[in-house]
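Below is one structure, written out as structure tokens; comments come after it.
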Amino acid sequence: MKIGIEPLTRDAFAPFGDVIETTGAENFLINNGSTIRYHDLANVQTDAEGRVLINIFRATPLEYPLDVQLVERHPKGSQAFVPLNDRPYLVLVAPKGETVRGGDLRAFMASGQQGVNYHAGTWHHPVLALHAVSDFLVIDRGGEGDNCDEFYFDDPYPILSL
Ligand SMILES: NC(=O)N[C@@H](O)C(=O)O
Ligand code: NI
């Protein structure tokens, strides 16, 4: 069984987190009218013991069709990915919960102008670059304690083809 790949929209992604893009975003002029501020695009979450990190992930594309072996979640905070090379990439998520059913997996094609912010606890596949090594600005939670739960499927599920 293959997952269908959906276009990434705020509404479709709402159960999993935020879409970071200018389209449809609240915005207003600042800097004496020379700059548009696209305001409050994502809910950055961290626990009291953590702090917010700004990172860059340089991701190498995996082999496709992809055997989805695992998803992971970060219970202590959100994790945002913003593409820096204007290249599309894949987002693979599943609803919060203690286990993941393969049938609950959702795949989205993100454009090079769209970032995503996984809310704390959202199951997701590690970053899925396409076509070429791609850089992502990543905003997530740093600090003490384990903040990465992994869930492995009994069988690679499902084949994700492009
Ligand atoms: N492990 C790590 O920092 N990366 C993953 O969380 C990911 O979502 O790519
Ligand atoms: Ni992650």
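Position 1 is the first residue of the sequence, and the numbers go up from there. Order of appearance sets the numbers: ligands from 1, and atoms from 1 within every ligand. Below, all heavy atoms of this structure are taken into account, side chains as well, without hydrogens, waters or symmetry copies.
The aromatic rings of His124 and His74 sit tilted relative to each other, their planes meeting at an angle between 30° and 60°. Between Phe13 and Tyr118, the angle of the ring planes lies from 30° to 60°, which puts this pair in the tilted group.
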Below 3.5 Å, can you tabulate the donor-acceptor pairs from side chains in residues 103-110 to any protein atom, sequence neighbours excluded?
residue	atom	partner	partner atom	Å
Asp104	OD1	Arg101	NH2	2.9
Asp104	OD2	Arg101	NE	3.3
Arg106	NE	Glu6	OE2	2.6
Arg106	NH2	Glu6	OE1	3.0

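Residues forming a side chain to side chain donor-acceptor pair (under 3.5 Å) with Asn85 (at least two apart in sequence, or on another chain): none.
The shortest distance between side-chain heavy atoms of Tyr89 and Ser134 does not fall below 4.5 Å.
Here the CG atom belonging to Asn147 is positioned 7.0 Å from the CG atom belonging to Asp47, to the nearest 0.5 angstrom.
For the pair Phe136 and Ala59, the tightest heavy-atom approach, listed with the atom from each and the gap, is CE1-CB, 4.1 Å. Nearest approach of Gly112 to Pro83, heavy atoms of both residues: O-CG, 3.4 Å.
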Give every pair formed by an N or O atom of ligand 1 and a protein N or O atom closer than 3.5 Å, one pair per line with both atom names and the distance to 0.1 Å, or write none.
residue	atom	partner	partner atom	Å
ligand 1	6 (O)	Glu72	OE2	2.4
ligand 1	6 (O)	His74	NE2	2.9
ligand 1	6 (O)	Gln79	OE1	3.1
ligand 1	6 (O)	Gln79	NE2	3.2
ligand 1	8 (O)	Glu72	OE2	3.0
ligand 1	8 (O)	Gln79	OE1	2.9
ligand 1	8 (O)	His124	NE2	3.1
ligand 1	9 (O)	Val127	N	3.1

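The set of protein atoms (N, O or S) found at less than 2.8 Å from the Ni ion (ligand 2) reads Glu72 OE2, His74 NE2, Gln79 OE1, His124 NE2, by chain and number.
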Evaluate the criterion side chain to side chain contact (heavy atoms under 4.5 Å, CB included) for residue pair Arg10 and Glu21; output intermediate values, then yes/no.
-> CA-CA 9 Å; Arg10 277 197 181 87; Glu21 61 179 341; 3.6 Å; yes

